[in-house]
Amino acid sequence: MKIAWKEMKKSKAKFLILGSIIFLVSFLTFIISGLANGLSQDNAALIKDLPDGQFYLSKDADSTYNLSKIDEEIQKQILMDNPNATAFSVQMGFVNDAEDKQHSVAFVASTESGLFENVKDGEIVLDSSLKENGIEVGDVLTNNQFSGEFIVKGFVDQQKYSHAPVAFIGMTNYQEIYRVMEMQTIFIPGEEAPTLSALDSFSNKEFLNAIPSYSAEQMSLNMIVWFLVIISGMLFAIFFYMMNVQKIGLYGILKAIGMRTISLFKMIWYQMLVITAISLALSITLSKAFSFVAPEGMPFHLTMDTVWMLSAVFMAVGFIGATISGIQVKNIEPLQAIQQGEM
Amino acid sequence: MSAFTIEKVKKTFSNGEIEEEILKGVNLSLKEGEITALIGPSGSGKSTILTIAAGLQRASCGEILFEGSDMTKMSQEEVRHVRATDFGFVFQSSHLVPFLTVEEQLQLMLDVAETKTSKKEQAKAIDEMLKLVEMQHRKDAYPSSLSGGERQRVAIARALIHHPKILFADEPTASLDTKRSKGVMELLRELTRTLHLTTLMVTHDEEMLSYVDRVITMRDGYIVE
């Protein structure tokens, strides 16, 4: 692979331009993916951050989370049989601060568990994004459906639901605001959650799709990301193909002096691998750095799973583009390749 | 005894529906230690027969016998192996690898030929070959910084570093002035004799014929003299 490396060293400008294009295209894809994931987190971080398990809705809710009401007796029995289980409800609402300014929130109330914030009646724990609105620990908040007051006990990071900051409140307070005694959902963490005949069960992914607007929003975002990935992938493949086709005269000379076809392939693959790896490393680093400098309030969430998956896709399409051009080099007679290179 | 024999070789190129026969049955024998020159007007087929003999393109029919084997019946890989180990090729415009130094061009050829000698021996062989073509002082230079004559000298060195049995040269002096052309031809004649090579070259420069042992004239796809 010495010859491949020597060419890269001697033709720095050419490979730098190619690397820059790959860097820009992959950087764009990572940023758009981060923004799409960020929007997804903004919509359902509360649910997405829960461990794998099973969600249960009442059968008459017809898989619609908002319509679900778990019978109190059933709930009591399930919680008794499954000590890790928790019953919870999420409803959109608002709180008023001391200056009577309204803040939209998603109220969350749950039975005692390690999965959600445990809040006493009269207390409220808010998503930290509300700090930017001037709310501080110790502030008193009100709600026009609630006879008492909420004292802010603290803040939690990245707890959003339906693009609104989450507000954890006590169960009794929740029941008063929404005039219901039943909880909407039961969640049992773990892979071996029981089947409960009285309730419909959902995996984490299925439950996310039961949230109104979530699946429609995700489909649109995923469409954007995958469309971008396909376009980027095609660009990758075309660039590697073009680079090697431009060098067909050189490959012709190397074939003429008797270089093995596999050595030519190795040269093509090595250059593709080095350029792609360096460009991807740079765009991954800058994309991750972007999350620290992204403006406050901009939902940006780029997971390493997404990074590795996209990187694998780019590597694969780069490899395909390079291989297709390699096949062309393989099939051409040395003299024809030299003559094409001279044109 | 013939080191290399071409028998009834034909080559047809098709351009859409039109088929053009460039070689119409060429017979040719090359002898060891001799330089054979192919001359003839443009389009007579002299470069075509040279590149077919060198295994750079396939004949449409006929036989090319090298050491008792018919190259037209060999697989692509077998022909490549012959090119890498037994043939050397000097192109009209040198065709050096632009990103390798003079020394690296020769090392590449040794690697391609899978020479079984040690790195130390290879370095010595490269030094000797560069000395032979009087290019040892430019061993770290890239092709872009060499003159036309120097590039052709390096191309000759690359073609011979792996001790091929047959050297093919396609108008090796075409891009050089008379002085440099004579220098390259003297070098080819000397190397052919000292290394016991069989050399087949194409030229259209009659001044260079004084350096060759045999002249073959081609016209319209046939050998006429």
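No experiment lies behind these values; they were computed from the predicted model shown. Chain letters run A, B, ... following the sequence lines, proteins first and then strands; every chain starts at 1.
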NZ or CZ of Lys247(A) within 45° of Tyr251(A) ring axis and under 6.0 Å: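 Relative to the ring axis of Tyr251(A), which defines the angle, Lys247(A) lies outside at least one limit.
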Other residues, nucleotides and ligands only: do more than 12 of their heavy atoms fall within 6.0 Å of NZ on Lys330(A)?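 Check fails, neighbour count at 12 or below.
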Inspect the surroundings of NZ in Lys288(A) and state if more than 12 heavy atoms from other residues, nucleotides or ligands are less than 6.0 Å away.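 Atom NZ in Lys288(A) is crowded, with more than 12 foreign heavy atoms closer than 6.0 Å.
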Can you list the steps and then say if Ser40(A) with Tyr214(A) is a side-chain hydrogen bond (donor to acceptor under 3.5 Å, both in side chains)? CA-CA 8 Å; Ser40(A) 167; Tyr214(A) 180 84; 3.2 Å; yes
side-chain hydrogen bond (donor to acceptor under 3.5 Å, both in side chains) for Ser325(A) and Asn244(A)? Distances and angles first, verdict last. CA-CA 6 Å; Ser325(A) 55; Asn244(A) 288 310; 3.2 Å; yes
Which of the residues Val82(B), Thr51(B), Leu56(B) is involved in the greatest number of heavy-atom pairs with chain A at under 4.5 angstrom?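 Answer, by heavy-atom pair count under 4.5 Å with chain A: Leu56(B).
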Salt-bridge test for [X] and [Y]: reply yes if a basic N is under 4.0 Å from a carboxylate O, no otherwise.
X	Y	result
Lys73(B)	Glu78(B)	no
Lys165(B)	Glu32(B)	no
Lys255(A)	Glu333(A)	no
Glu104(B)	Lys6(A)	yes

Residue-level contacts of residues 105-142 of chain B with chain A, using a heavy-atom cutoff under 4.5 Å: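 From residues 105-142 of chain B, the residues near chain A are Leu108(B), Met109(B), Val112(B), Glu114(B), Tyr142(B).
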Applying a heavy-atom distance below 4.5 Å, give me the residues of residues 83-92 of chain B that approach chain A, sorted by number.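 So the qualifying residues are Arg83(B), Ala84(B), Phe91(B).
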What residue in Gly258(A), Gly252(A), Ser11(A) has the most heavy-atom pairs under 4.5 Å with chain B?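 With the most close heavy-atom pairs to chain B, the winner is Gly258(A).
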Is it the backbone or the side chain of Ile253(A) that comes under 4.5 Å from a heavy atom of chain B, or both, or neither?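 Interface part for Ile253(A): side chain.
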Taking atom CZ of Arg151(B) and atom OG of Ser93(B), what is their separation to the nearest 0.5 Å?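 Here the interatomic distance stands at 9.0 Å.
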Name the region of Arg158(B), side chain, backbone, both or neither, that has any atom closer than 4.5 Å to a heavy atom of chain A.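 The side chain, not the backbone.
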Test side-chain hydrogen bond (donor to acceptor under 3.5 Å, both in side chains) on Gln336(A) and Gln57(B); report intermediate values, then the result. CA-CA 8 Å; Gln336(A) 201 187 345; Gln57(B) 61 176 328; over 6 Å; no
